[in-house]
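Counting starts at 1 for both ligands and their atoms, following the listed order. Scope of the values below: all heavy atoms of this structure, side chains included, with no hydrogens, waters or symmetry mates.
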Amino acid sequence: MTDRSSLVDLRSDTVTQPTPAMREAMMAAPLGDDVFGTDPSVNALQEKIAALLGFEAALFVPTGTQSNLCAILSHCGRGDEYIVGQQAHCYRWEGGGAAVFGSVQPQPLDHAPDGTLPLAQIEGAIKPDDAHFARTRLLALENTLGGKLLPFEYVQAATDLAKRKGLQRHLDGARLFNAATAQAALNKRSDIRAEARRIAQCFDSVSVCFSKGLGAPIGSALVGSREFIARAHRIRKMAGGGMRQAGLLAAAASHALDHHVDRLADDHASAQRLAQGLEGIGGLAVEAPHTNIVFADLTGAAQARSSELIASLNQQGILATGLYRLRFVTHLDVDGAGVDRAVAAIRGFFNA
Ligand SMILES: *Cc1c(COP(=O)(O)O)cnc(C)c1O
């Protein structure tokens with residue numbers, strides 16, 4: 001195996017290393033004890049992300065999973081349910097945490113091909129107030145979902161419907177700034193933060209990851225009303241997420257918000273370059289990416305060769321995952337030359 005610097009790691013945008021400037025910001029951060037509420041760097045980050053997304057308050061949490069858990073358990077009590085997509089992280093990929101820790105039942109729905117949950121399906125899943133049923137309390141959407149941007153008009157319509165029906169609305173915006181970047185490009189706008197705020201304002205709570213495309217080592221934030229965040233704060237403590245000199249991490253997140261939002265467009269361009277480079281390979285169907293995630297499926301006789309392909313790429317210092325589909329994720333530690341190496345290696349595999 002090659003050393004780290006020559007790896008092209010396309011497994012996820014979580015693999016990024018903090019940049020020298022980010023490490024400097026971390027080392028310079030004033031620290032306190034966040035369980036006492038006196039870590040100035042955590043407090044500053046929470047104020048920054050709340051203001052940026054147009055909410056009263058925010059809570060810094062170690063992971064996106066804990067952020068979603070705090071959100072669902074703050075919106076719902078025992079015997080309540082949340083409507084959510086079959087592929088949504090907070091249903092499928094979080095170990096059933098809301099059910100395990102909160103006795104909150106998910107009501108999963110199938111996604112349409114564009115990643116949306118059809119409005120009629122949402123409406124049909126809302127239970128009447130009757131002793132037979134769990135109480136439907138919450139609609140949880142995810143944007144981006146598997147790298148797909150949900151159409152803004154859809155987000156508005158779905159969250160309007162939920163509001164009309166008396167449901168709370170949560171956004172798993174682990175990659176909200178990727179969504180905002182894609183939305184801004186579509187609308188020919190340049191203010192990514194304003195676009196993120198427009199999406200976020202359709203919801204009562206939003207979770208954002210700093211450790212994905214934003215390039216921080218650890219950390220997510222949950223935003224909402226002051227009263228909602230007070231409830232989430234209690235749940236974070238119960239979940240073991242009260243951290244002490246957490247300003248060290250908050251400073252990295254804050255640096256990411258200041259310096260890594262406007263460069264997400266580069267990752268989207270890299271994903272386009274990768275997808276275009278893979279076009280026309282027999283046995284490989286590539287989905288056109290909206291953001292920084294490229295999915296591809298092996299077709300025909302190649303279908304059985306997924307692990308062989310991953311192993312061959314690994315040998316050449318190119319890392320990707322094939323858990324259910326082939327997935328290549330671009331991020332700030334992958335440059336154009338890395339993308340080209342990945343394309344050449346994949347082409348080589350099919351031409352061999
Ligand atoms: C990564 C991710 C999470 C969870 O974040 P962790 O920090 O890995 O717990 C939640 N939702 C989505 C959509 C994600 O991509």
side-chain hydrogen bond (donor to acceptor under 3.5 Å, both in side chains) partners of [X], counting only residues at least two apart:
{"X": "Asp33", "value": "Arg244"}
{"X": "His233", "value": "none"}
{"X": "Gln87", "value": "none"}

| query | Can you list, by chain and residue number, every protein residue with a non-hydrogen atom closer than 4.0 Å to ligand 1? | reply | Thr63, Gly64, Thr65, Asn68, His89, Glu94, Glu142, Asp172, Ala174, Arg175, Cys209, Lys212
| field | Candidate pair His268 and His290, rule ring pair (Phe, Tyr, Trp, His ring centres under 6.0 Å), full reasoning | value | CA-CA 7 Å; His268 296 191; His290 290 184; 9.9 Å; no
| query | Hey, are His89 and Glu94 close enough side-chain-wise for a donor-acceptor pair under 3.5 Å? | reply | yes
| message | For the CG atom of Leu73 and the CG atom of Leu138, what is their distance to the nearest 0.5 Å? | response | 10.5 Å
